[in-house]
There are 2 protein chains.
Amino acid sequence: MPPRTKRRTSIADVARLAEVSVGTVSNVLNRPDRVSPTTRERVEAAITELSFVRNGSARQLRAGTITTAGAIVLDVANPFFTDVARGIEDRLEEAGYTLMLASSDEDPDREARYLKLFEEHGVQGVMVVPSGPDIDHLRTLHDRGLRVVLLDRPSTDPALSSVAVDDRAGAAAAARHLIDLGHEHLAFLNGPHTIRQCADRSAGIHDALVEAGLDPATCLEEITITALNADGGQAGTERVLAMERRPTATLCVNDLTALGALRTLRAAEVPVPSGMAVVGYDDVTFAGELATPLTSVRQPMHALGYRAADLLLADDETAEQVVFQPELVVRESTTGTG
Amino acid sequence: MPPRTKRRTSIADVARLAEVSVGTVSNVLNRPDRVSPTTRERVEAAITELSFVRNGSARQLRAGTITTAGAIVLDVANPFFTDVARGIEDRLEEAGYTLMLASSDEDPDREARYLKLFEEHGVQGVMVVPSGPDIDHLRTLHDRGLRVVLLDRPSTDPALSSVAVDDRAGAAAAARHLIDLGHEHLAFLNGPHTIRQCADRSAGIHDALVEAGLDPATCLEEITITALNADGGQAGTERVLAMERRPTATLCVNDLTALGALRTLRAAEVPVPSGMAVVGYDDVTFAGELATPLTSVRQPMHALGYRAADLLLADDETAEQVVFQPELVVRESTTGTG
DNA sequence: GTGAAAGCGCTAACAG
DNA sequence: CTGTTAGCGCTTTCAC
């Protein structure tokens, strides 16, 4: 790309045209009340005439600070993260801040590159969904004076703020709902426990079973699926249906997985929920719009982002660990008459 | 928020510690080969020791240019736009550029605010989904030397580049598919024609009917819905079902609307497609995962963004109007046995 | 191969 | 109320 050819008009150009000094132009821009109405008008006319736009870099260089924050999520195309991003944006907007948003694709190198870029551009702070278990680099950033907020991950470092959702409680609520409905034998289609969310959700289900006096060893069939999407849900459900002692309810690690489960049950002519109850996780937009509306665990995604930005902007320098409680949304896939 | 307290370490600090001049440090950073290996090593050690990070504002102020582009979409939480954004990001990434992304919420004021911000920060160009019919302000920006690319909207101004999808052709393909299947009486659940996409899609359906020798006046029932979502689809479908001479197929302005249509048909025990064929638009991720997989018109969202960024980065200064062709994805909601 | 110094555009302090 | 001026941190000639 060719460099921008025309030199941008500067404050000096405006000053020349308005026949005032650069200081006066700067005053018109920043403290208009210190300038007499007549000269102010002249300056404003010159600004319009030249269609002058302040040079943000110079301004920022001088000011040393900037009203911008950065955010790095795993994937901007994932609805979970876009809702989070939207929450961030809304809070920053209130404070007159702007957001630089980027995806790391779970690649620590990409994450590092963006963090460097943000820091070079002097952002006030960054909100990051870490792409790996290691967060030392974020601690370093914090020590260098940037605000750092971890997204969707409780901080293991007390110096760093974080906002997360209590996955253990969410999964427990879902399991408890099924137990209350009389189910005593559950299937759980889950991802590998190396993913924190998966491990936490598994623990939550165990909690609920034990709390109800049921033995997880006999009452829970946890099935590990590799793809956390509809195909994974289909594969997992086929295994569940093939079991001799078949569970009466299936918990799914997310709504896409549940979609696959529903599809498979329909094909096998197993009625939902009478033949098999199904619960999802995330409560994505279409969960309530399916042929059999899906009971799911709603995550406060917008609030997650909003609160993260709030922590970033806080006057108080002390780190804070925020944990949101998810909410079970009950629909026909567990309580219907099908 | 309190200002960043610690003064950032500067190139001068590094120079002092390494006992060289600032010019040499700058050379190590930008043209390492011009520096003798020994001093380079000393400087690099100092950089690490102080964990020095270049000040991007100063760099940019000096350089006058910056490898950043801005994008403004209507809503970052809408999957259509996030896929577009992803395409932009991928292309910019290749060129070493970064993206500043923002949502206008279809509010021209918000759009203007972000545009000003981007310009102040010296972005090379902007990609914008205009929030209103007027694009004069974008032309002004272009005249001031910024690259401007219109997103999802053909440019009415030949000086501005644009990337869009041919909505008329997409809708025509959907209608033609139904006509080929023998349908001669179609319903179209559409939004108001003040929305360009809605008007274009309506025109496309007319095209297909006329082309097949059918009279739109008798063969097409266009129903205007206010909400372009599942509820709108439900309301529209209820009106279709109440018609004396009931159409045999329903085209929907987007997949969410189709979702509502399918839900309503199921409730009314109208089999799909034998009692009513259904076609959606957008081909969102879950379209193929529904109880009745949905025939839909796929938009090349990623390619749209990718190409927009490509135009922004182009060496060639001449504006270009790119129009993508959408692709019909046939599934069971039109060809199934239900 | 390295150093000195000018200057990018702006703001804020100080003088007048 | 307005003008003058010193830098913010960096890159880039131009000397040495």
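In what follows, every chain begins at residue 1, and chains take the letters A, B, ... in the order their sequences are listed.
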Starting at [atom1] of [X] and ending at [atom2] of [N], how long is that distance when rounded to a whole Å?
{"X": "Asn30(B)", "N": "dT2(C)", "atom1": "CG", "atom2": "P", "answer": "16 Å"}
{"X": "Ile11(B)", "N": "dA6(C)", "atom1": "CD1", "atom2": "P", "answer": "18 Å"}
{"X": "Arg54(B)", "N": "dT11(D)", "atom1": "CZ", "atom2": "P", "answer": "5 Å"}
{"X": "Asn27(B)", "N": "dG3(C)", "atom1": "CG", "atom2": "C1'", "answer": "10 Å"}
{"X": "Phe52(A)", "N": "dC10(C)", "atom1": "CZ", "atom2": "P", "answer": "4 Å"}
{"X": "Arg62(A)", "N": "dT5(D)", "atom1": "CZ", "atom2": "C1'", "answer": "11 Å"}
{"X": "Gln60(A)", "N": "dG9(D)", "atom1": "CD", "atom2": "C1'", "answer": "12 Å"}
{"X": "Arg42(B)", "N": "dG3(C)", "atom1": "CZ", "atom2": "C1'", "answer": "13 Å"}

Is [X] close enough to [N] that one of its side-chain N or O atoms is under 4.0 Å from OP1 or OP2 there?
{"X": "Ser36(A)", "N": "dT2(D)", "value": "yes"}
{"X": "Arg59(B)", "N": "dT11(D)", "value": "yes"}
{"X": "Thr24(B)", "N": "dG3(C)", "value": "yes"}
{"X": "Ser26(B)", "N": "dT12(D)", "value": "no"}
{"X": "Asn55(B)", "N": "dC10(D)", "value": "no"}
{"X": "Arg34(A)", "N": "dA12(C)", "value": "no"}
{"X": "Ser10(A)", "N": "dG9(C)", "value": "no"}
{"X": "Arg31(A)", "N": "dC1(D)", "value": "no"}

Can a salt bridge be assigned to the pair [X] and [Y] using a cut-off of 4.0 Å between side-chain N and carboxylate O?
{"X": "Arg110(A)", "Y": "Glu93(B)", "result": "yes"}
{"X": "Arg59(A)", "Y": "Glu120(B)", "result": "no"}
{"X": "Glu94(B)", "Y": "Arg91(B)", "result": "yes"}

>> Could you measure the distance from the CG atom of Leu138(B) to the CG atom of Leu115(B)? Nearest 0.5 Å is fine.
In response: 6.0 Å
> Between Ser57(B) and Val22(A), which has a closest nucleotide on DNA chain D that is more 5'?
Replying inline: Val22(A)
> Sub-3.5 Å donor-acceptor pair from the side chain of Glu111(A) to the main-chain atoms of Ile72(A), do we have one?
Replying inline: no
